[in-house]
Amino acid sequence: MQIILIGFMGVGKTTIGSLLAQKLMTNFVDLDQQFIDEIGLTPGEYMSTYSEAQFREIEQKILVQQLSQIHGVISSGGGILTLPSSRQLLRASKFKVIYLASDFGVNLGRLQGDDNKRPLMTHLSASELHKLWEQRQAHYRSVAHLTIDTNGKTPKMIVEQIIKTMIKGDDKDA
Ligand code: S3P
């Protein structure tokens, strides 16, 4: 099973991805963690010295590597679809793309309560972040095979829903 999770910062992609991989008894890779392993800096640390464009370039290289190497579940960074070429890569891949959707307010609340500071959080006001969230919705939806509404659900519930939906062969919205 080849699955990649996409969605905005704070939606829980890493937690849900690792739980999903456990349930499916398959491999799990987190692209932000791969970045840290390869570069030796968190995305936040990297972007405080280098540009976002440089970060996106490395992030895309890591995406390409993992799409060709891993058999299992990938969790991505929230901006993975920023480059049009990355959107194209996902459309052309064999991975099932699952969009973890949530209301902006829920996302913002999680991010504010998260001490793992994200670079975009520190540079953008809440209204700029909302604009970014809106822009990204279109990208996530244009690439996703399946959209899961995560509002008010625990990671365990979301994982069960993903598995149930995939077994039933339903798609688009759950
Ligand atoms: C980013 C999200 C982060 C990380 C980087 C940029 C973004 O990942 O890749 O800081 O542009 O939304 P998470 O979505 O795991 O926070």
Side-chain angles (χ1 to χ4, degrees), residues 1-47 54-102 107 110-111 114-116 118-120 136 139-150 153-174:
M1 181 101 16
Q2 310 276 80
I3 295 172
I4 180 161
L5 301 180
I6 60 170
F8 206 69
M9 291 175 274
V11 77
K13 298 177 295 290
T14 305
T15 308
I16 294 163
S18 111
L19 202 60
L20 179 62
Q22 263 177 46
K23 282 269 178 192
L24 296 173
M25 292 189 289
T26 189
N27 304 303
F28 171 67
V29 70
D30 178 74
L31 296 186
D32 284 342
Q33 188 57 50
Q34 284 298 308
F35 183 92
I36 296 169
D37 294 349
E38 288 194 22
I39 307 298
L41 297 170
T42 65
E45 287 163 350
Y46 184 86
M47 278 191 266
Q54 286 169 299
F55 170 72
R56 296 296 170 208
E57 213 174 289
I58 302 175
E59 184 184 45
Q60 188 184 70
K61 276 193 198 128
I62 293 173
L63 173 68
V64 171
Q65 272 166 23
Q66 295 303 324
L67 288 176
S68 68
Q69 274 171 26
I70 193 186
H71 195 90
V73 179
I74 298 178
S75 75
S76 62
I80 196 73
L81 301 182
T82 302
L83 297 178
S85 48
S86 292
R87 303 202 278 277
Q88 217 29 57
L89 275 166
L90 280 198
R91 288 196 188 100
S93 84
K94 293 201 176 81
F95 277 70
K96 177 138 187 137
V97 182
I98 302 182
Y99 169 37
L100 300 177
S102 74
N107 262 133
R110 286 215 199 100
L111 290 171
D114 192 350
D115 48 7
N116 160 31
R118 286 152 167 105
L120 290 169
R136 287 184 175 176
H139 293 154
Y140 295 141
R141 291 188 188 277
S142 77
V143 172
H145 299 112
L146 172 68
T147 297
I148 301 277
D149 175 3
T150 65
K153 295 173 191 161
T154 63
K156 190 165 172 267
M157 287 159 75
I158 295 164
V159 164
E160 278 163 9
Q161 190 176 353
I162 292 173
I163 293 173
K164 215 167 100 193
T165 311
M166 288 195 324
I167 290 169
K168 271 202 308 184
D170 286 357
D171 49 12
K172 271 307 182 190
D173 296 299

Visitor: Do L146 and T165 have side chains that get closer than 4.5 Å, going by heavy atoms?
Guide: yes
Visitor: Can you spot which of T147, I148, T150, D149 makes a side-chain contact (heavy atoms from CB on, under 4.5 Å) with Y99?
Guide: T147
Visitor: In a check of side-chain contact (heavy atoms from CB on, under 4.5 Å) between H145 and each of L90, V97, I4, which one passes?
Guide: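 Exactly one option meets the side-chain contact (heavy atoms from CB on, under 4.5 Å) with H145, and it is V97.
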Visitor: Calculate, to the nearest 0.5 Å, the distance between atoms OG1 and CZ belonging to T82 and R87 respectively.
Guide: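 So the gap between those two atoms works out to 8.0 Å.
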Visitor: Tell me whether N107 contacts the main-chain N or O of M9 through its side chain, where contact means a donor paired with an acceptor under 3.5 Å.
Guide: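 Yes: the side chain of N107 pairs with the backbone of M9.
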Visitor: Tell me which pairs pass salt bridge (charged side-chain N to carboxylate O under 4.0 Å, His left out) where either residue lies in residues 57-85, with sequence neighbours left out.
Guide: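 Listed once each, the pairs are R56-E59.
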Visitor: Taking side chain as C-beta onward, heavy atoms only, is M47 less than 4.5 Å from T42?
Guide: no
Visitor: What residues form a salt bridge (charged side-chain N to carboxylate O under 4.0 Å, His left out) with E38, not counting sequence neighbours?
Guide: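 If we apply the salt bridge (charged side-chain N to carboxylate O under 4.0 Å, His left out) test to E38, skipping adjacent residues, there are no hits.
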Visitor: Quick check: do I163 and L20 have side-chain heavy atoms less than 4.5 Å from each other?
Guide: yes
Visitor: Considering only distance and modelled atom types, tabulate donor-acceptor pairs under 3.5 Å from the side chains of residues 71-78, sequence neighbours left out.
Guide:
unit_1	atom_1	unit_2	atom_2	d
H71	ND1	Q2	OE1	3.1
H71	NE2	M1	N	3.2
S75	OG	D30	OD1	2.5
S76	OG	L5	O	2.7

Visitor: For the atom pair CD1 (I158) and CG (L100), what is the distance rounded to the nearest 0.5 Å?
Guide: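 One finds 6.5 Å between CD1 of I158 and CG of L100.
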Visitor: CG/D32 to CG/D37 distance, rounded to the nearest 0.5 angstrom?
Guide: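 D32 CG to D37 CG: 11.0 Å, rounded to 0.5 Å.
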Visitor: Minimum heavy-atom separation for N27 to A21, with atom names?
Guide: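 That closest heavy-atom pairing would be O-CB, 3.7 Å.
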Visitor: Output the distance between atom OG1 (T154) and atom CD1 (I16), rounded to the nearest 0.5 Å.
Guide: 9.0 Å
Visitor: Test of understanding: with ring-ring contact (aromatic ring centres under 6.0 Å, His included), list the residues that count as partners of F95, not counting sequence neighbours.
Guide: none
Visitor: Check whether any side-chain heavy atom of M166 lies under 4.5 Å from a side-chain heavy atom of I98, and answer yes or no.
Guide: yes
Visitor: Sequence neighbours excluded, which residues qualify as ring-ring contact (aromatic ring centres under 6.0 Å, His included) partners of F35?
Guide: Y46, F55
Visitor: Once you round to the nearest 0.5 Å, how far does CD of Q60 lie from CG of L81?
Guide: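 CG of L81 is found 11.0 Å from CD of Q60.
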Visitor: Can a donor-acceptor pair be found, under 3.5 Å and without considering hydrogens, that links the side chain of K13 to the backbone of G7?
Guide: yes
Visitor: Looking at CG of L63 and CD of Q65, how far apart are the two atoms once the value is rounded to the nearest 0.5 Å?
Guide: 9.5 Å
Visitor: Could you work out, with side chain to side chain donor-acceptor pair (under 3.5 Å) as the rule, every residue matching Q88, not counting sequence neighbours?
Guide: R91
